[in-house]
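In this text, all values refer to a predicted model and were calculated from it rather than measured experimentally. Just the heavy atoms: all of them, side chains too, but no hydrogens, waters or symmetry mates, feed the values below. Each chain gets a letter, A, B and so on, in the order its sequence line appears, and its residues count up from 1.
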Number of protein chains: 2
Amino acid sequence: MSKSAAERRTRKRLVTRQTISDVATRLFFERGFDHVTIDEIAEAADVGRMTVFNHFPRKEDMFFDREQEMRDVAFAAIQTRDAGTSPIQALGALAHRLIEQPHPSYPLFGGTYLFVETALASESLKARARQMRDDFVRALADVLADAVNRPRDDPDAHLAASLIASVWSVAFTQAHELFGRKRDTNEASRIFLDLIDRGTVGIGAALAGTAYI
Amino acid sequence: MSKSAAERRTRKRLVTRQTISDVATRLFFERGFDHVTIDEIAEAADVGRMTVFNHFPRKEDMFFDREQEMRDVAFAAIQTRDAGTSPIQALGALAHRLIEQPHPSYPLFGGTYLFVETALASESLKARARQMRDDFVRALADVLADAVNRPRDDPDAHLAASLIASVWSVAFTQAHELFGRKRDTNEASRIFLDLIDRGTVGIGAALAGTAYI
DNA sequence: TACATAAATATACTGAGTATAGAAAGCAAG
DNA sequence: CTTGCTTTCTATACTCAGTATATTTATGTA
């Protein structure tokens, strides 16, 4: 049982991490991110205060615990696109696919409502979300440049990446707000795809003549 | 001398504020934002610690002390545009005007190099800059909607505002980086206007058929 | 059993930001 | 000029996130 034994420590570590994350998420949803202290989380999870920081360097990391997954879905769509499909087209197609058959790591509107509202209620969480978006844009610029064999500092790659993030961000925000007003997933999906499609057209025009379109 | 006398208190207050701002800015440039404490600023400005917070609720406010002015330049360009000129066109024209005859409140590249590098070296300052951008996008959406007599929650206004912020942000960042590499203001200006122009075309395509183009 | 390593923890610290009460300065009116 | 009102400034004491460091406890291996 050497393999299982060798992993017990790792398993226990992950259990501790998950416990902290679960307890913290529950408290954040109940009382709002800003009204929960690290001490309370440590107490509720029955661990020492330093253990919390050991697993989550920043308080916000307990809330945004799936950053990487969403990012990977987008990058995979670009990297595994069919020959003859441009990166921009591939991302537009991804949006439609996500609406038709939602990805488990990428839930939309109804499924994210409480999560998004909790995030929007906290300046710290909004700040962290903006930072994540920034990091995403940087990484996306690299992926785009690689995808069409251009240097990573190609200004067009950065323009494309930034515009894509804007379009997705506005589309999601508007769909979320519409869902909040009407509680209608279909209508939210419609405005989401409409904004994505019009944005995609715009990005195509801005990048016309380059390899990204 | 009643008028002058009645304003002495106000004048003194502004002097105190300016002193703090000047001292803080100097320290930030010398040693980096994150390596200057509020206590040091208070000490160097010869005021009490609470006086600093009295004038600048957040540490970052001592660095970004001209947010509003830049915002006003952009909004004025939209609101005072000629009849027959669309908001998007007016902002495109503003970019060219700023390059030809730089606005005192809106210096570009060379004039902002140290300022920008200092901001980029600090996570707190970058976070504040992102927040300012977010606020700007929200306000810009309102100005755009008002300018073409559309409701302020018009999704198109938000799409336009977000795309504009992206384009300007990328254009400025790329120009700044190019200036850092080559120390050539002309080349920086060229890439800035090129990205603005291509972005403007893209925004026009995304918003085709609306009143914003 | 003995040794090595990783995880958890205790303690003490830094620094931004808040709350509050009080001191000092400016100002108006008698 | 002094009395009383308002604004600005300041001192004190706090909260909370995050860091540094050393120590303990649990686990894995020889």
Nearest-Å distance for atom pair [atom1]/[atom2], residues [X] and [N]:
| X | N | atom1 | atom2 | answer |
| --- | --- | --- | --- | --- |
| A/Lys59 | C/dG17 | NZ | C1' | 14 Å |
| B/Ile38 | C/dT14 | CD1 | P | 17 Å |
| A/Asp39 | C/dT11 | CG | P | 13 Å |
| A/Asn54 | D/dT23 | CG | C1' | 15 Å |
| B/Leu125 | C/dA16 | CG | P | 12 Å |
| B/Arg13 | C/dG26 | CZ | P | 15 Å |
| A/Phe53 | C/dA8 | CZ | C1' | 15 Å |
| B/Met50 | D/dA13 | CE | P | 15 Å |

Stepwise side-chain contact (heavy atoms from CB on, under 4.5 Å) check, A/Phe179 with A/Asp184: CA-CA 6 Å; A/Phe179 180 84; A/Asp184 183 333; 5.8 Å; no
field: Minimum heavy-atom distance B/Ile38-B/Met62, with the two atoms named
entry: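 Looking at all heavy atoms of both residues, the closest pair is CD1-CE, 3.8 Å.
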Just to confirm, is there a sub-4.0 Å distance from OP1 or OP2 of [N] to any side-chain nitrogen or oxygen of [X]?
| X | N | value |
| --- | --- | --- |
| A/His55 | C/dA8 | yes |
| A/Lys12 | D/dA26 | no |
| B/Arg9 | D/dT6 | no |
| A/Thr16 | C/dA8 | yes |
| A/Arg8 | D/dG28 | yes |

- request: Just call it for A/Thr51: base, sugar-phosphate, or nothing, with non-hydrogen atoms closer than 4.0 Å on any strand.
  value: base
task: Could you tell me whether A/Val36 contacts a base, only the sugar-phosphate backbone, or nothing, with contacts defined as non-hydrogen atoms closer than 4.0 Å?
output: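 If one applies the 4.0 Å heavy-atom cut-off, A/Val36 turns out to touch the sugar-phosphate alone, with no base involved.
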message: Does B/Arg128 qualify as a cation-pi partner of B/Phe33, given the criterion of NZ or CZ under 6.0 Å from the six-membered ring centre and within 45 degrees of its axis?
response: no
- request: Could you walk me through whether A/Arg71 and A/Asp135 pass side-chain contact (heavy atoms from CB on, under 4.5 Å), step by step?
  value: CA-CA 10 Å; A/Arg71 173 186 296 215; A/Asp135 294 344; 3.6 Å; yes
task: Could you tell me whether the side chain of B/Arg49 has a donor or acceptor atom within less than 3.5 Å of a complementary atom in the base of C/dG15?
output: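 For B/Arg49, whose side chain was compared with the base of C/dG15, there is no donor-acceptor pair (under 3.5 Å).
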- request: Using the six-membered ring wherever Trp is involved, compare the ring planes of B/Phe115 and B/Phe29 and label them parallel, tilted or perpendicular (cut-offs 30° and 60°).
  value: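 If you compare the ring of B/Phe115 with that of B/Phe29, the planes turn out perpendicular.
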